[in-house]
Amino acid sequence: MKIFEYEAKTILAKYGIQTPKGGLATDVNQVREIASTLKPPLAIKAQVLVAGRGRSGGILFADSVSEAEKSAEKLLNMQIKGIPVRSIWIEEKIQVKNELYLGITIDRANRSYVAIASTVGGMEIEEVAAEAPEKVIKSLIKPQHGFRSFHARQMARKIGYSGSQLTTLGKIFEALYRVSMDYDTELVEINPLAETFDGKFVAADARIIIDDNALFRHREYKKRLLEGESELTPQELEAIRNNLAYVKLNGNIGVIGNGAGLVMATLDTIQFYGGKPSNFLDVGGGATSEKIAAALNIVLSDPNVKALFINILGGITRCDEVATGILKAKERVGVTKPIVIRLVGTNEEEGKRILTEVGIHVLESMEEAAQKVVKISKQEEER
Amino acid sequence: MKIFEYEAKTILAKYGIQTPKGGLATDVNQVREIASTLKPPLAIKAQVLVAGRGRSGGILFADSVSEAEKSAEKLLNMQIKGIPVRSIWIEEKIQVKNELYLGITIDRANRSYVAIASTVGGMEIEEVAAEAPEKVIKSLIKPQHGFRSFHARQMARKIGYSGSQLTTLGKIFEALYRVSMDYDTELVEINPLAETFDGKFVAADARIIIDDNALFRHREYKKRLLEGESELTPQELEAIRNNLAYVKLNGNIGVIGNGAGLVMATLDTIQFYGGKPSNFLDVGGGATSEKIAAALNIVLSDPNVKALFINILGGITRCDEVATGILKAKERVGVTKPIVIRLVGTNEEEGKRILTEVGIHVLESMEEAAQKVVKISKQEEER
Amino acid sequence: MGIIIDKNTHAIVQGITGTQGRFHTKLMLEYGTKIVAGVTPGKGGMQIHGVPVYDTVEAALEKHPANASIIFVPAIFAAEAALEALENGIKTIIIITEHIPIKDAVNVMTYAEQVNAVIIGPNTPGIITSEESKLGIMPAHIFMPGSIGMVSRSGTLTYEIAAGLTRKQLGQSTCLGLGGDPITGLNFIDVLKMFRKDPQTKAVVLIGEIGGNLEELTAEYIIKEKYPKPVVAFIAGRSAPPGKRMGHAGAIIMGKAGTAESKIKALRSAGVNVAEKPSDVAKSLARIIDI
Amino acid sequence: MGIIIDKNTHAIVQGITGTQGRFHTKLMLEYGTKIVAGVTPGKGGMQIHGVPVYDTVEAALEKHPANASIIFVPAIFAAEAALEALENGIKTIIIITEHIPIKDAVNVMTYAEQVNAVIIGPNTPGIITSEESKLGIMPAHIFMPGSIGMVSRSGTLTYEIAAGLTRKQLGQSTCLGLGGDPITGLNFIDVLKMFRKDPQTKAVVLIGEIGGNLEELTAEYIIKEKYPKPVVAFIAGRSAPPGKRMGHAGAIIMGKAGTAESKIKALRSAGVNVAEKPSDVAKSLARIIDI
């Protein structure tokens, strides 16, 4: 779960990391109020969770309260990658001597947390790693001892600091690790960490992603997620509430399947045959008819969908149950769009019988079914 | 640092461990108020930190509010091992089927924390260990993984529980470990943990000792200690404030020395020669004249003291500095009682000169000095 | 033969009294797996399909020596269950449970490494060595004994491909899922090493997906070690957008890292035959095995 | 010879810029100890008595290979300093600092055990191998080279007894303090084992005190192993009351456990000569050595 920049900064400040003075606003009046308490120049930053906010024009600068108001108005009327800007953060702009990167994330290959530091801040760290790997310093963190003050100082030294700046950087980095552990983050990064002309360090931007699977330990965020106080679309929210894995795509073939790998492969196969999937939706193992109804509902709520492909490989799940579930769901949701179903596995024959009786195509081969749904989607599109 | 039973129970309750319903009172009116909200029979318990409270009559029982008042009055006018009872805890008496022991403490030989459980509750665990070692189950705790729920369940099983009682006991024990880590305890124990007739477990008594060296992480307790809201005598308090290690004893020879082992050996030697030390006081290494003044002040404030023995082995500490310190201190405090000083080590000659000039006995041998001070103390006692 | 489990594997089931644990214990027993005991704290004394249940792993092992555990415990307690098994000396642990927090999984893996234990999962369908033992939730009937080793990051996609192999009479030695989480125990390289030593295994099917760089590292390993057995791969997620988690917690492209293209390119440069569609895996394999 | 440290010991001083660190660095250098670098975070680049100071242990070791560290860091940070030394591969660590929390000390000791490092202390006067090396705060002039190994839980009491030995021309091989805390690195048994192997050491002086049961365990060890070198002991605290901490965090009688009587009885039953007064140690030793 991503949280907003202003939330991340509030957390960092709580852990003693210096952040720019600022405030959150949802309308221009609030902007005026906040801006008048700050010392210009100011940074006016759209609070959106999508990546590449800066490049999309989501960060503006202002030298006065009135300029700040104008910038804020502009941002509040803007969409960034399709997401409307609901709130903005106004803060004092830092006079930057150097921009650094500090982050704690997961090293999958080493089954470990990893601390990352770089003297190249302000860019995505993956890009820095690709272009100048020698400028990215990594240190694996073993849970037994964690990332301690001396590890943090060792990192600070490796990016070229010494003396009191080294200890300050060390404290910031150590605090970042504590944030990571306390909030169960997948990623916590300060990027850039601004080094000012008087040698101080200020978190100019910050990003935190909380491990979705640990949200049971962070109920305030779990609650927020379920209450939709985030940037989720109604479909995404509905999916989360029904424990469905759902991702919106840009095509016209709705896809539902059981198992993440199978659904991904289904999308790939549709694409291979020239079709365009409208979504990823995994109902998981042993889905109930309720769950399948919810899945159909979510997928079909996209007006672009011209045809639906349900790909079920019944292993432990029985095909007859799935078929009944689909029928129930179909009736409840009132599906009128063409459906192609691929259904194999346990009790396959009974499942097929149930579905063919009501005139639904049932196929055995995933490739054949994919070709069929692609063809239908094209015909429907041409109507 | 020991904390009171009621404080320990409040902490345990915060960690989800069931404790008897009760309240704290410092006068009889409060007792009435509290008792009338509780269901008799009641237990009325003096809140003192000395061991053996029960055997000293510090716990009384009452079947009614008026009985509770009488018992409370009795306790509030009582001294337990010389400590006046300042407050009492009134709680509902548990109907006990079995009494257990659960504790987390330090295993010095294994450099580790250790979890201890026993089916013999209500006695001191060291006594149980001495009399029936097979009834004391121990499990070393490695800091890497801590004492986890399954360790707790393994212990519960070893003391003979199974099924839902095992999981309940496991949760209590795991919570106890979390208390231990969160509060930096040297000892946290529930003794007895009462098993009720309906199979529940209630912490009938609890004891917590916080590691003095970790009080910087627990400032509320540190503050309380320094403010004297404990059972410290004025001398003990003064010693803590001056960073002196001081223990009151019952003799008439005041003892001051540098180094815990040396001071202990000094007491032993005095005793060996038939004398009775009035205290243990270690000024530590490199004590300033201020510190020595404080030490003299504390030791001499005991009216029983007939003579003073200062035993200094100057290693890094210079004897001349110590001598000057003693003189300064002596003047400031206005010592009239006889002093025997043993002073050897760095700059010994100069130190001796300073002291003999003002007529203070200075000796080189600790044994000789001890014999001398014992003799003087006996003479003074006979006056 | 096959790897990791065989006829001599004696397993306990942690979380045996839950719906999943109960159901799959039955299926595993039917397959012939030696399930000797179950563990659910607070449920000691029960029997599940004739398997005795204990409150703790320690208690189970006192009565029933076992060398493996399969874990169906809910996510909140699953890491604890794995640590309990590890501390009690079990060296092969299959964690079926999905949604275990990363922090908890890292703890388990670190400890497992210290004591040289094999962890499969979390979020895995488990492992099956055909006609010897199954510790997992995969439908047994789609597998047949043979010489293909399979290792995968996905469940149903593995069944899809395994069923395809079986239809073509390409039987399997051992088939196992690494698990769909970002932090898992065994990885592709670990399993490739095991298949290398297994005389029964003649070729390996590797089923990867977007996210992380395990496939790329595996390609490096294959090149460096001149891996002696043919490898056919399928990588799911060519059509996945960046920054979105595709069902599995681990299936996510971060920035430009973890794409299917990168993995396919790396594997192909290591001489691995990467199939375009799931059904192509069996076809490629049939060609290779014929050679 | 002697144990643990000798002429080839190259040490760093952690916390070298503090009052204590600075002062004792000078004394150790004067004694001839090879102090190659100091570490104080934030003070890198300084020099203390000619010793270069670094921000981290890692930085110090890059320039100055060392095999020991002596720690004067304040109690709040001392355990961290020890972990830093351990993680950077130093295998002999002397922690002078007093008042380290038990929890922190347990962490350090557990890690040290895993990597087979020797920790002396905390709350120790350190170690001295006469005329070879001194890593500690003891006054050097009271020691002389010889054949008596000394191990103690106390500082000044050790000086008292060592001075007594030196006055009687009973020189010492190595003298070390275990530390006055409840949790320390080396214990009596560890050191007795080392003295056993040290050809220079002919007899051992053991200085114990109330609290814990290390002396009792040592007595068991001496009996079990038929310890081949004579041991003379002194136990401080015969007159100490129960439940009171006698200066050292570790010097406390809990209930009936940890009394001087118990320790003296145990040691005597193991054939150890337990002195009544500190000065008796030298006398007993003189008799034994004469035999």
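Every chain is numbered from 1, with letters handed out A, B, ... down the list of sequences.
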TODO: Measure B/D107 against the heavy atoms of chain D and call it side chain, backbone, both or neither at under 4.5 Å.
DONE: backbone
Task: Sequence-distant partners of D/K168, side-chain hydrogen bond (donor to acceptor under 3.5 Å, both in side chains), two or more places apart - done: none
Side-chain contact test, heavy atoms from C-beta onward, threshold under 4.5 Å: evaluate it for [X] versus [Y] and give yes or no.
X	Y	value
D/K244	B/K248	no
B/F280	D/R245	no
B/K142	D/T110	yes
D/I102	B/E186	yes

Spacing of [X] atom [atom1] and [Y] atom [atom2] [to the nearest 0.5 Å]:
X	Y	atom1	atom2	value
B/R111	D/N107	CZ	CG	14.5 Å
B/D184	D/D104	CG	CG	7.0 Å
D/S239	B/L249	OG	CG	7.0 Å

- [ ] State whether the side chain of B/Y113 and the backbone N or O of D/K103 hold a donor-acceptor pair below 3.5 Å, judged by distance alone.
- [x] yes
TODO: Say whether, by atom type as modelled, one donor and one acceptor occur between the side chain of D/T156 and the main chain of B/N258 under 3.5 angstrom.
DONE: yes
Task: By ring-ring contact (aromatic ring centres under 6.0 Å, His included) - contacts of D/H99 (at least two apart) - done: none
Task: Those residues that, when tested against D/F143, pass ring-ring contact (aromatic ring centres under 6.0 Å, His included) (two or more places apart) - done: none
Open item on the list: Taking side chain as everything from C-beta outward and backbone as N, CA, C, O, which of these in D/I235 sits under 4.5 Å from a heavy atom of chain B? Side chain, backbone, both or neither.
Closed with: backbone
Open item on the list: Tell me which of these, D/S279, D/A257, D/G155, has more heavy-atom pairs under 4.5 Å with chain B than the rest.
Closed with: D/S279
Task: Residues from residues 262-269 of chain B approaching chain D under 4.5 Å (heavy atoms) - done: B/L262, B/M264, B/A265, B/L267, B/D268, B/T269
Open item on the list: Between D/E98 and B/N213, is the side-chain contact (heavy atoms from CB on, under 4.5 Å) condition met? List the steps.
Closed with: CA-CA 9 Å; D/E98 192 179 3; B/N213 290 337; over 6 Å; no
